[in-house]
Structure formats: C-alpha cells, structure tokens
Amino acid sequence: MPASITPGTGSDAHDDLVFLDEAPLAPPAAQASRATWRILVVDDDADVHSTTIFALANLEVQGRPLEFLHAYSAHEARALLARVPGIAVVLLDVVMEQPDAGLQLVRHIRDTLGLQEVRIILRTGQPGYAPEMDAIRDLDINDYRTKSELTRTKLYTAVAAAVRCYQQLHTLAVGRVALERIARAGAELMNLHVPRDIARAVLSHAAAVLLQEPGGVLCVSDNGGLQVLGAAGTCIAFEGGAMGRHPDPELHALVARALRERASQHTPERLALYFAGKSGRDFAAGVYLAEPLTEGRRRLLDVFSSVVAVGVDNLELVGRLNDAAFYDALTGLPNRASLIEQLDARLAGARGATAEAPGAADVTLALVDLDHFAESNDALGHQFGDMLLMAVAGRLQASLAGLALARIGGDTFAVLGADEACTPQALHALFAPPFAIDGQDVRASATMGLVRLREHDGSGADALKDADIALKRAKTRQRGGHFYFSRSMGVEIRERVDLMHALRSGFGRGELFLDYQPQIDLASRRPFGAEALLRWRTADGRMVPPDRFIPIAETSGLIVEIGAWVLREACAELVRLRAAGHLAFTMSVNVSQAQFRHPQFVAMLQRALAETGAPPAYVELEITESMAMEDPRHLAEILGEVKRTGVSIAIDDFGTGFSSLSHLQRLQVDRLKIDRAFVSEITGSARGSSIAEMVIQLGRNLGLSVIAEGVEDERQAQILSTLGCPLAQGFLFSRPLSPAALREWLGAQVLNDAA
C-alpha cells in the first residue's frame, strides 16, 4: 500500500481517509508478546480499515503496542463490544448503514452497554450530518474529525491521547473496586472467630486486591519461629504447621523480614504483607505475585494491611481466639463446637472399627439439663446462677474422669463416654448430694436426653440434634427423668422437618393451589356457594394429603403466610365468579387456630377484601369447634371484629367437641357444620341420625344456618332433608373442582335450570 492515499473520484470522494505526504514515524524496537491496547475500527469502507492500520502500525502508547479489531457496521460493532472486553478506543465513522448510525452507536456504548471507560473518536467524510459542536457538547466522545484532516501524526496523537485517558479512567475504576473489596474485607473479618477462617479470608481478599487467584500463607511469630495459621492455593498443605516446613526459603525469608522490620516487603515474584497487632503479636502474609506490583497496587495493599490489622487486633491474640471458639468462658469446659469435633472423631472411629477393636462404637452422648434453672436465676440473680453452673461443672469434672464433658449452652451440659459409664443412673446420682453455693446447700436435679452413637449414622452435629430431641421428649414426660433417642423417632422427626422445608419451598414456587367443593341447597338442589380447599402438588406431580402438610404448616408457623394467600386467592375467585354472573354465590374459607389468633388477622382479612374487591357479605370463615371453645371470651372479641367487616362465621366439625351453649350464643356465629362422621352414621342404624338431628334442632333454636358435609349418597341427602337440614356438600353433588371446572359446572347448572 503506498504511503500516500489520494482522494478518489465520484460521489464517494468525501469518505476517503487522506494521509498527506510526511516523514514516516519511526517504529520501536521489536518487542516480545505482551499486553496491548485494543483499538476498534468501525467503518463501512474497507479502505479506511487498511489505511488506519497502515498509519498506526508498529506504534506504541505507554510502552504497549496497539491491537486492532474491525467492524464494518454499527450492528457488528455492537456485537463485538458486548463480547470482547478491554477495548480502549473506538475509531467510529458517523455515517454507515444509516446517516446517524455512528451517533446511535455512541449512545448504545454509554447507555446500554454501560461502557464509560472506553474512549471514542468520531470520524466523518460528511460533516453536515452531525455538526461538530453539537456532537462534542451532547456526546461523551474524545474527538470529532473529518477524514480529510486526519494526517498520520494527527491520527496517532488523537489515539494516544484517547488511550491515556482510557488508562486513567480504568485505573480509577480498578482502584474504586479494590477499595470496595477492602472495605468488605474489614467487615467480614469482624464476623470471623476461628484463626484458620480469618487467615483464609485475609489471603482470599489479598488475592482479590491483586487480581489473582488466592495462594500463600498467613503466619504469626511463635517461640522464635513462624507458625502458619492458614493457607490457600498450592500452600494449603502447610496450614497449621511451622513455616520452616515450607520448601521456598525465599518466601520464608521475606515473611520473616516483614515481621522483623514491621513493614511489608516485596520482590518481583513474592510479597510479604505486614499486619501490625496492638496486643503484642504481629502477622504477615506471604503470597506469590502473578505480576510485579505497580505503585498504585502497592498503595492499595498498604490500605488493605491497615484494615486487616484493625480487624485481627479486635479479635485479640490468636490463642484467645482459639479459646473463644472452643471453650466456655464461664466454666472452662469445651463448648458446642468442640463437642461436635469430638463427636465427629468418635463417629469416624466407629465407622472404621473392626472385630478386634470394636470399642469406638460403644459410646453414649448424654445431654444434662438443669431443672428449673431459669426460675432460680430470675429469683436469686445471675450471680447465683453462674455459681451453680460452675459448681455443677466442677462436680462433673471431678466425678467423671475419663469422660468428655462440655457446656453446650445455658444450663445444658454434655457427657460423652463409654456406654457403661455414661448411664442415666450414674448421672442422676451426681445430683443427689446438694451443691454448696455461697455458704448454703442448694439441691438441684436434671433431665437427660441420651443417644447411643452405634445407633447413629450421621455427623456429630446430627448426633447432638438427636440427643436434644430425646431431651425435649424427656421434658414433656417428666422432669428429673431421661429418654433415649431411637431410630424410629429420628426418622419421624426428620421426615417432618424435610416435609416442612419442602412445603416452604413449594409454597414459594407456587405448588399450592385451591380446589372448590360446591355447597347445595337441599330443597332446590341448586348451588349457593363453595368451600375453598387447599391442595399441594409437588414438582414431580405427587399429591401430598392435606392431613399431612397442614398440621406441619400450623406447627411451623407457615400457616399464617399460607392462610393469607388462601384467603386472597379465594376472594379473588369469588370476584371472578361474580363477573361470570354468579352474584348470589358464597365463598367459604377455612381458618386455622394459629392464623386466627395472629394479632394481624383482622387487618389481613380487611386487606384481602380491599385488594380483591370481594363483597364481605358473600365471604364466610370456617373455624373448628375446638377453636371456638378454647378461651371463648377472647375469641368472642376477635369474632366481633370479624363480624364488623361484614364477613360471616361458620363452626366446622360441629358435634365433635364439647360446646357450651352459653358460649355458643356469645360467639355471634352464623352457621353450624355437621361433621361428616355423623352424616355417614345416619343410614347405619335407627339411632345413627340422633346427633345430626340434635345439631339441626340446635341451629334452628339459635337461629343459625346448618350445613352437612360429606354427603355421599341420595339416601343420606333424603334423611337430612327430612330432618330439616337445609344445606349440604359432598361427593353426591360434586367432588372438589379446579377454578375452571367450577365455572363450567356452575354454567351447566344454570343451563339445567333454564331447561
């Protein structure tokens, strides 16, 4: 290609990039392959790409050569910018597939891709399409030139200036990110308590500041030598040992010099970061460098060292950190974390036991919980409670030599030892003599939960949970007693816990849904309402019965959130039914005890009505008879608030409890629901209908509506109608239906009536 490109002829003459004859720029000496500045040329004219490379070939900026990328349209440029990182400068033609394609690409780079560091130089052969002053004023660009005025020197000058600007912006951005990481490192270190975890976190954050993978050691001076508190990467094998074992004497010497001179040290390949400790022990991290330190990176590491030093110093000496992590401050006994480590070791030994050495498996874990400790603590003061805990710990240590002890929290101790030594009888016997507390004899007893490790397959933490389950069972049976954990009990509890977690996740994923069972006027056989019934279909299509998951939702407290969703969804379905023309239709919704007694229940009810627009007069809440009879005075207050919203109340499963008529009158309920068990009996014998008849008569005397549930055959319906029961629901009329099926079923009923 010639050194001078002359203007072309014809209509495209203005698009030519012209280099006037001038002295060529001297290329630098040949360099080995290294980092480059990426320059993106965007122009629909291939000659412009060629002449640009010719003009800038073999040139360097800040000691780094240029690397060229090419796009022949704005569309190509968008894809390339989104895919390729680290583009420093874009040489951009204004007029390409559209008159303003270049200007639109500038906005895309800044606003859509969010690339604020990349520098842009606009070039045009037709300046009238985008006036220079307007473009410079409105767009974030470095330069705007016509192609005819760009000599080789001017082009190089513009690109070099843009690269320097990009470098400065990039350095600032990298520094900002590093400072943010340093701030996060300080916050994270304050929440760590185990020396190994602290050491690993320091090495991880140091690597992030250096923009490299974690690797190295964190050391402390110990008895004249260097101890490795934690390690990362290829150095992980040296964690917990002496630094003298490390095979790299240069790294060892650099770390030692940093501690001796109380300052960070570095070579082109290694770095020793110094962390000053106010409590008398200093720390230093030795890491390998992926590339030599720049001045900016060194200053960032100085800030990092200061932040880490404060975080480590606030945790005091490493020895105290270990004590805090594994020992109880009051009694000096090992704590929960230490006990779990011992359990893990015992269980590992049990799994590796042989016929010749079976003893590792014959171990029992006992949790010993002091009875009525909280009451004594409150009555006699915390100082008395602390002295009692220390006295108990002292007796356990003196009497149970050879057994492992721990205080795992509050007034609960743990004993771990051979089955024949760790028995309820032996442990209870320790509490027979009184404890001498502040000059007086104090008697104490304990309740115990025990688990035999040979019957346990999980981790140490799991074994501790099993013992705690046994302890809770013992407390429910008799204070001062004991209970052994069994496999069947563990399976049952874990199944319940697993189901609870699955229910929580399934609810979040929308696996719960509502079906609706129509309710019928027995005289006309026309539907007047429906009961909303909660269902659960798991992700694999399996249906979980309500009698399995609803009790778990109630005991876990999840029923409050689920119940609020059910009420909202049922009210929304009522509104949809009314929009379809079923204006006199009532929606009945079950409310659990936990949900009903929640302090925000009435507000939740009002919110559901307001958000869905459901008319309160056509919404009915069902509560069970046992709920109605438990603390009826308080319940009457809540029901009064519910009634003021316009919503009606029904008592479900009526006849299964022991209702007081005086309480029933005071509760302002609207409807009684005959339990399905009594409906199924009305065809069984002459006396089978007596309870159903009694409920119907009671409802008539109190002015309450009555509905029978579980009606499955025509004979039951006829007997109920003869007894005076006006309403019913059951399989005879319809099984529970999906929302779409319910609307279709109701439509068919309307057509039948019309016929």
Side-chain angles (χ1 to χ4, degrees), residues 472 493 495-517 530-539 543-575 587-614 616 619-653 657 667-670 673 736 739:
K472 287 183 170 64
I493 291 173
E495 284 180 351
R496 288 177 59 84
V497 171
D498 290 344
L499 192 61
M500 180 188 69
H501 290 312
L503 176 59
R504 191 177 299 276
S505 300
F507 177 53
R509 291 193 298 266
E511 293 176 2
L512 300 187
F513 63 96
L514 297 183
D515 277 343
Y516 300 89
Q517 185 168 41
E531 179 184 0
L533 300 171
L534 182 60
R535 299 289 185 259
W536 179 16
R537 182 186 293 107
T538 61
M543 294 295 296
V544 183
D547 59 0
R548 280 199 66 203
F549 74 83
I550 289 180
I552 289 176
E554 290 175 338
T555 56
S556 67
L558 188 59
I559 193 65
V560 174
E561 187 178 354
I562 292 176
W565 173 81
V566 168
L567 188 56
R568 272 196 318 274
E569 186 63 25
C571 286
E573 183 59 30
L574 175 62
V575 172
M587 183 62 70
S588 184
V589 184
N590 290 282
V591 179
S592 77
Q593 184 168 354
Q595 182 187 5
F596 196 76
R597 295 189 180 279
H598 191 276
Q600 296 299 315
F601 173 72
V602 176
M604 180 272 295
L605 171 62
Q606 292 170 330
R607 189 161 54 250
L609 294 170
E611 290 176 356
T612 62
V619 176
E620 179 182 76
L621 301 184
E622 291 188 15
I623 63 173
T624 62
E625 184 180 11
S626 59
M627 284 173 58
M629 292 305 105
E630 183 179 317
D631 194 5
R633 180 176 299 177
H634 176 63
L635 186 69
E637 295 176 4
I638 301 175
L639 289 180
E641 294 183 53
V642 172
K643 294 287 289 182
R644 283 190 286 276
T645 68
V647 171
S648 59
I649 303 291
I651 295 184
D652 193 12
D653 303 335
L667 290 180
Q668 304 183 54
V669 299
D670 301 282
K673 199 167 190 180

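Model, not experiment: these values are computed from the prediction. The figures here come from the full heavy-atom set of this structure, side chains too, leaving out hydrogens, waters and symmetry mates. For this chain, numbers begin at 1 and follow the sequence in order.
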Worksheet entry | Worked verdict on Ile649 versus Glu620 for side chain to side chain contact (heavy atoms under 4.5 Å, CB included) | CA-CA 6 Å; Ile649 303 291; Glu620 179 182 76; over 6 Å; no
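- In this structure, the separation between CD on Glu569 and CG on Leu574 is 12.0 Å, given to the nearest 0.5 Å.
- Interatomic distance, Gln593 CD to Ile559 CD1, rounded to the nearest 0.5 Å: 12.0 Å.
- In terms of heavy atoms, Arg535 sits closest to Pro546 at NH1-CG, 3.5 Å.
- To the nearest 0.5 Å, atoms CG (Asp515) and CG (Leu534) are separated by 9.5 Å.
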- Task: Could you walk me through whether Leu558 and Met500 pass the side chain to side chain contact (heavy atoms under 4.5 Å, CB included) test, one step at a time?
- Result: CA-CA 9 Å; Leu558 188 59; Met500 180 188 69; 5.9 Å; no
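- One N or O on the side chain of Thr645 and one on the backbone of Val642 form a donor-acceptor pair closer than 3.5 Å.
- The closest side-chain donor-acceptor pair between Ser588 and Glu622 falls under 3.5 angstrom.
- Aromatic ring pairs are classed by plane angle as parallel below 30°, tilted from 30° to 60° and perpendicular above 60°; the pair Phe601 and Phe596 is tilted.
- Across every non-hydrogen atom of Arg568 and Thr612, the tightest pair is O-CG2, 3.6 Å.
- Between Ala594 and Val560, the shortest heavy-atom contact is O-CG2, 4.1 Å.
- With rounding to the nearest 0.5 Å, the separation of CE in Met543 from CZ in Phe549 is 8.0 Å.
- Closest of all the heavy-atom pairs between Ala530 and Tyr516 is CB-CB, 4.2 Å.
- The two residues Pro739 and Glu573 have their closest heavy-atom pair at CB-OE1, 3.6 Å.
- Salt bridge absent: Arg504 and Glu561 never bring a charged side-chain N and a carboxylate O closer than 4.0 Å.
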**Asked** Yes or no on side chain to side chain contact (heavy atoms under 4.5 Å, CB included) for Leu512 and Val566, after CA distance, side-chain angles and deciding distance?
**Response** CA-CA 9 Å; Leu512 300 187; Val566 168; over 6 Å; no
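- Applying the salt bridge (Lys or Arg N to Asp or Glu O under 4.0 Å) test to pairs two or more places apart or on separate chains, none has a residue in residues 546-560.
- With contacts defined as side-chain heavy-atom distances shorter than 4.5 Å, the pair Ser592/Ile550 does not qualify.
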Criterion side chain to side chain contact (heavy atoms under 4.5 Å, CB included) on Arg537 and Val544, from CA distance to verdict: CA-CA 6 Å; Arg537 182 186 293 107; Val544 183; over 6 Å; no
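- Between Lys673 and Glu531, some side-chain heavy-atom pair lies under the 4.5 Å cut-off.
- Screening Asn590, Leu639, Leu605 against Leu621 for a side chain to side chain contact (heavy atoms under 4.5 Å, CB included) leaves a single residue, Leu605.
- Shown here are the side chain to side chain donor-acceptor pair (under 3.5 Å) partners of Glu511, two or more places apart in sequence or in another chain: Arg509, Trp536.
- What you find for Leu514 and Ala570 is that their closest heavy atoms are CD1-N, 3.9 Å.
- Leu533 places a side-chain heavy atom less than 4.5 Å from the side chain of Gln517.
- Here the straight-line distance linking atom CD of Gln600 with atom CD of Gln606 works out to 10.0 Å at 0.5 Å rounding.
- The CD atom of Gln668 lies 10.5 Å from the CG atom of Leu635; values are rounded to the nearest 0.5 Å.
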